Amino acid sequence: MKASWWINGRLNRNPWRPLRCRGRCVGLGPSRMSSEVVQTEQRKANLEAITRLGFAAYPNQFETTHSVSGLVEAYRDKTAAELEAPRVDTVTAGRIVSIRSFGKASFVVLSDGRSRLQVYVRQDALSERDYQLSKLLDIGDQVGVAGHLFRTKTNELSIWAAKLEFLAKCFLPLPEKWHGLQDVEVRYRQRYLDLIVNPDVRRVFETRTRTVAAIREFLNGHGFLEVETPMMQPIAGGALARPFVTHHNALDMNLFLRIAPELYLKRLTVGGIERVFEINRNFRNEGISTQHNPEFTMLEFYWAYVDYRRLMDFTEELLSTVARQVIGTTQFPFGDHTIDMSAPFRRLSLRDAAAERAGARLGTTVTVEELRHPDSARQLAVRLGVAPPKGGGAGKVAAAIFEALWEAELVQPTFVYDFPTEVSPLSKQKPGDPDTVERFELYVGGFEVANAFSELNDPVEQRRRFEAQLADRAAGDQEAHAMDDDYVRALEYGMPPAGGEGIGIDRLVMLLTNSPSIRDVILFPLLRPRSAE
RNA sequence: GGGCCGGUAGCUCAGUGGUAGAGCAUCUGACUUUUAAUCAGGUGGUCGUGGGUUCGAUCCCCACCCGGCUCACCA
């Protein structure tokens with residue numbers, strides 16, 4: 001007895017676990033069962049009664065003429081008179097999300113995940129069998145309804161039910177109708193519940209899908225070819241990050257989940273695909289935050305014969321077009337701000353902006369030259385209270401100073417351009433300035449959304465950069481870039497000058513949906529599994 | 001990984017060193033146009049886990065688990 005009690009208690013605390021105490025719970029009596037188990041037993045009894053009425057417990061299909069949201073969209077504005085002549089007969093299906101019962105009549109609200117529609121169920125409009133079914137329905141059940149549209153006394157669009165069909169039973173109680181599901185942990189772990197109960201969640205993910213579709217349409221319209229490149233790679237390159245490791249059994253070799261598609265896409269520009277893009281997942285073995293999920297979706301595109309300046313203009317056009325297409329405007333709320341995604345975006349030279357802000361912070365004049373020399377740059381970092389990076393020279397320090405002084409306040413779209421070569425192993429130097437590369441990052445909402453540069457296509461210089469990265473790696477930088485001989489060999493065949501850019505899709509969607517956390521725009525964000533007990 | 005905050009009924013949340021509370025959900029009864037329906041009456045909890053202090057712990061202390069925010073790192 002004690003053991004059964006304990007099992008019930010455990011089930012209470014782990015509602016996402018399948019029920020395992022069937023049989024053991026039976027016979028304990030209501031006083032010994034948790035509310036959830038009681039409700040499950042009641043719903044199982046209801047299902048048995050439903051099958052005794054002759055309904056299949058799990059029918060295989062149900063032919064509808066309309067979806068719930070289709071009906072709502074088509075007839076939302078029709079008056080009661082318009083719904084009568086001619087009468088609109090319909091067959092639809094959905095999940096019951098609410099029941100208001102009045103004895104021999106009831107109002108049942110059906111949801112198809114996008115919209116909700118009320119169904120009016122009354123005894124004298126149904127067969128006795130269907131009426132008996134209606135009394136055995138629980139909130140959460142899947143049902144089919146045939147009937148005609150009308151408006152109630154309170155003018156609500158409704159279906160006057162003539163027939164009911166049972167489609168599937170919901171054994172577990174849904175979260176409360178008014179407050180919905182608030183517990184973010186449960187929302188992420190059981191996203192299906194979140195989708196059932198919180199209508200805005202569906203809209204966020206529809207916006208996400210429309211965003212990706214709009215980007216595809218834009219790039220296709222500009223002559224870019226969409227491709228798919230390896231996500232399991234022998235060398236994880238194209239970014240500075242730690243990869244996940246996996247293993248191929250037949251080849252008995254380790255593979256890395258990609259941290260970026262960059263090097264493969266650039267091989268394709270060598271192969272003559274002058275405009276190419278890919279939208280897919282990257283994997284980086286790093287911490288989790290409101291802006292980081294270990295797997296995230298990235299757009300990367302490469303465009304032969306253009307440089308990073310052309311990419312800035314193109315990015316402005318891309319993002320303002322996508323915003324207009326997806327949410328209908330280039331001005332939208334994000335937290336306490338209103339972001340204006342219309343072109344042109346602000347442009348800040350990294351070292352100029354860092355020097356200017358550093359000078360203002362310290363009440364002196366700081367020159368760009370100070371940021372270019374390792375000793376003076378490090379001293380500057382110390383005076384500013386910025387923790388200087390462990391290894392590396394002036395470039396890493398300058399980038400760290402910029403981020404510390406500027407990043408959080410870059411809410412309106414801002415291009416930060418001209419990065420130190422040291423932190424950009426795949427970017428092309430500016431003519432006459434080998435310490436600086438033609439690279440920019442786009443900040444919006446206080447975080448980085450895009451990263452782009454004129455692509456380094458000089459194989460000798462590329463090999464030198466990789467070797468410098470190997471030195472960093474030897475010095476303990478686990479995120480330093482690995483040597484990729486095959487990639488250098490591809491460059492030796494001659495890669496056209498090209499601009500390339502990566503845009504973080506998740507972060508872009510955060511902006512367009514006013515979501516404060518990346519987990520709100522990823523259906524199943526990575527969470528630590530519940531312990532096995 | 002560090003700091004701060006949280007975990008109490010299926011859901012949303014109160015609360016106290018002395019047998020655990022509300023609303024919704026659920027059950028019973030009434031009710032054939034409701035909108036968080038209403039009315040009456042019930043059921044439902046090892047208060048995240050494990051130790052400790054105490055006559056007694058859901059509450060105090062310690063450790064751990066899970067989550068949130070934040071810093072560090074990154075896109």
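Note: hydrogens, waters and symmetry copies are ignored here, and every other heavy atom, side chains too, is used. Being a predicted model, the structure only gives us computed values, none of them experimental. Residue numbering restarts at 1 for every chain, and letters A, B, ... go by the order of the sequence lines.
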Applying side-chain contact (heavy atoms from CB on, under 4.5 Å), run through A:Leu319 and A:Phe345 and close with a yes or a no.
CA-CA 11 Å; A:Leu319 293 183; A:Phe345 300 166; 4.2 Å; yes

side-chain hydrogen bond (donor to acceptor under 3.5 Å, both in side chains) between A:Tyr302 and A:Glu262, worked out:
CA-CA 9 Å; A:Tyr302 292 84; A:Glu262 169 145 353; 3.2 Å; yes

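Using a 4.0 Å heavy-atom cutoff across all strands shown, A:Gln39 reaches at least one base atom of the nucleic acid. Residue-level contact check: A:Leu240 touches the backbone only, with heavy atoms under 4.0 Å from sugar-phosphate atoms and none from bases. Using a 4.0 Å heavy-atom distance criterion, A:Gly180 is classed as a sugar-phosphate-only contact. Within 4.0 Å of A:Gln118, counting heavy atoms only, lies at least one base atom of the nucleic acid. Among the protein residues, A:Asn285 comes within range of no part of the nucleic acid, since none of its heavy atoms lies under 4.0 Å from any strand. Base contact: A:Glu156 has a heavy atom under 4.0 Å from a base atom.
The interatomic distance linking A:Trp178 (CH2) with B:rC11 (C1') rounds to 15 Å, in whole Å. Across the protein-nucleic acid pair, A:Gln190 atom CD and B:rG67 atom C1' stand 14 Å apart, rounded to whole Å. Going from atom CD of A:Glu41 over to atom P of B:rG10 covers 15 Å, rounded to whole Å. Rounded to an integer number of Å, the gap from CD of A:Glu176 to P of B:rG10 is 14 Å. In this structure, CZ of A:Arg242 is placed 13 Å from P of B:rG1, rounded to the nearest angstrom. If you take CD1 of A:Ile196 and P of B:rG10, they are 18 Å apart, rounded to a whole angstrom. Remark: C1' of B:rA25 and CZ of A:Arg100 are 15 Å apart, rounded to the nearest angstrom. Atom CD1 of A:Ile99 and atom C1' of B:rU26 are 12 Å apart (whole Å).
The local environment of CD in A:Glu128 is crowded, with over 12 non-hydrogen atoms from other residues, nucleotides or ligands closer than 6.0 Å. Heavy atoms from other residues, nucleotides or ligands lying under 6.0 Å from CZ of A:Arg151 number more than 12. Within a 6.0 Å sphere centred on CZ of A:Arg242, other residues, nucleotides and ligands contribute 12 heavy atoms or fewer.
Both A:Arg507 and A:Asp138 sit near RNA chain B, but only A:Asp138 has its closest nucleotide nearer the 5' end.
Ring-plane geometry between A:Tyr120 and A:Phe107 is classed as parallel, the angle between the planes falling under 30 degrees on a 0 to 90 degree scale with a further cut at 60.
Results of the side chain to side chain contact (heavy atoms under 4.5 Å, CB included) test with A:Leu350 over A:Tyr417, A:Phe402, A:Trp406 single out A:Phe402 as the only residue that passes.
Taking a pair as Watson-Crick or G-U wobble with both distances under 3.5 Å, RNA chain B forms stems of 3 or more consecutive pairs at B:1-7 with B:65-71, B:10-13 with B:21-24, B:26-30 with B:38-42, B:48-52 with B:60-64.
The side chain to side chain donor-acceptor pair (under 3.5 Å) check on A:Gln39 picks up A:Ser35, with sequence neighbours excluded. Annotation: salt bridge (Lys or Arg N to Asp or Glu O under 4.0 Å) contacts of A:Glu84 (sequence neighbours excluded): none.
In this structure, the nucleotide among B:rU26, B:rG10, B:rA75 sitting nearest to the side chain of A:Phe296 is B:rA75. In the set B:rA25, B:rU12, B:rA75, B:rU12 carries the atom at the smallest distance from any side-chain atom of A:Gln182. Side-chain proximity of A:Ile139 to the nucleotides B:rU34, B:rU26, B:rC73 is greatest for B:rU26. Which of B:rU12, B:rG67, B:rA25 sits closest to the side chain of A:Arg189 comes down to B:rG67.
Taking the P atom of each, B:rA9 and B:rG45 are spaced 11 Å apart, rounded to whole Å.
How far CG of A:Asp506 is from CG of A:Asp520: 11.5 Å, rounded to the nearest 0.5 Å. Note that CZ of A:Phe301 and CD1 of A:Ile279 are 10.5 Å apart. Values are rounded to the nearest 0.5 Å.
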Donor-acceptor list for residues 109-117 of chain A side chains, cut-off 3.5 Å, not counting sequence neighbours:
{"from": "A:Ser111", "atom 1": "OG", "to": "A:Gly113", "atom 2": "N", "distance (Å)": "2.9"}
{"from": "A:Asp112", "atom 1": "OD1", "to": "A:Arg114", "atom 2": "N", "distance (Å)": "3.0"}
{"from": "A:Asp112", "atom 1": "OD1", "to": "A:Ser115", "atom 2": "N", "distance (Å)": "3.0"}
{"from": "A:Asp112", "atom 1": "OD2", "to": "A:Ser69", "atom 2": "N", "distance (Å)": "2.8"}
{"from": "A:Asp112", "atom 1": "OD2", "to": "A:Ser69", "atom 2": "OG", "distance (Å)": "2.6"}
{"from": "A:Arg114", "atom 1": "NE", "to": "A:Glu206", "atom 2": "OE2", "distance (Å)": "2.9"}
{"from": "A:Arg116", "atom 1": "NH2", "to": "A:Ile196", "atom 2": "O", "distance (Å)": "3.4"}

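Between the side chains of A:Arg52 and A:Gln132, no donor N or O sits under 3.5 Å from an acceptor N or O.
For A:Arg528 and B:rG67, the shortest distance from a side-chain N or O to OP1 or OP2 is below 4.0 Å. Taking only side-chain nitrogens and oxygens, A:Lys177 never comes nearer than 4.0 Å to OP1 or OP2 of B:rC11.
Ring stacking is absent between A:Phe447 and B:rA75, as the pair misses the limits of under 5.5 Å between centres and under 30 degrees between planes.
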Nucleotide N/O to protein N/O under 3.5 Å, stretch nucleotides 30-33 of chain B:
{"from": "B:rC31", "atom 1": "N3", "to": "A:Gly103", "atom 2": "N", "distance (Å)": "3.4"}
{"from": "B:rC31", "atom 1": "N4", "to": "A:Gly103", "atom 2": "N", "distance (Å)": "3.4"}
{"from": "B:rU32", "atom 1": "OP2", "to": "A:Phe102", "atom 2": "O", "distance (Å)": "3.4"}
{"from": "B:rU32", "atom 1": "O2", "to": "A:Arg122", "atom 2": "NE", "distance (Å)": "2.9"}
{"from": "B:rU32", "atom 1": "O2", "to": "A:Arg122", "atom 2": "NH1", "distance (Å)": "3.2"}
{"from": "B:rU32", "atom 1": "O2", "to": "A:Arg122", "atom 2": "NH2", "distance (Å)": "2.9"}
{"from": "B:rU32", "atom 1": "N3", "to": "A:Asp124", "atom 2": "OD2", "distance (Å)": "3.3"}
{"from": "B:rU33", "atom 1": "O2'", "to": "A:Lys153", "atom 2": "NZ", "distance (Å)": "3.3"}
{"from": "B:rU33", "atom 1": "O2", "to": "A:Lys153", "atom 2": "N", "distance (Å)": "2.7"}

At a cut-off of 3.5 Å, list every protein nitrogen or oxygen paired with a nitrogen or oxygen from nucleotides 68-72 of chain B, distance to 0.1 Å.
{"from": "B:rG68", "atom 1": "OP1", "to": "A:Arg519", "atom 2": "NE", "distance (Å)": "3.2"}
{"from": "B:rG68", "atom 1": "OP1", "to": "A:Arg519", "atom 2": "NH1", "distance (Å)": "3.4"}
{"from": "B:rC69", "atom 1": "OP2", "to": "A:Arg519", "atom 2": "NH1", "distance (Å)": "3.0"}

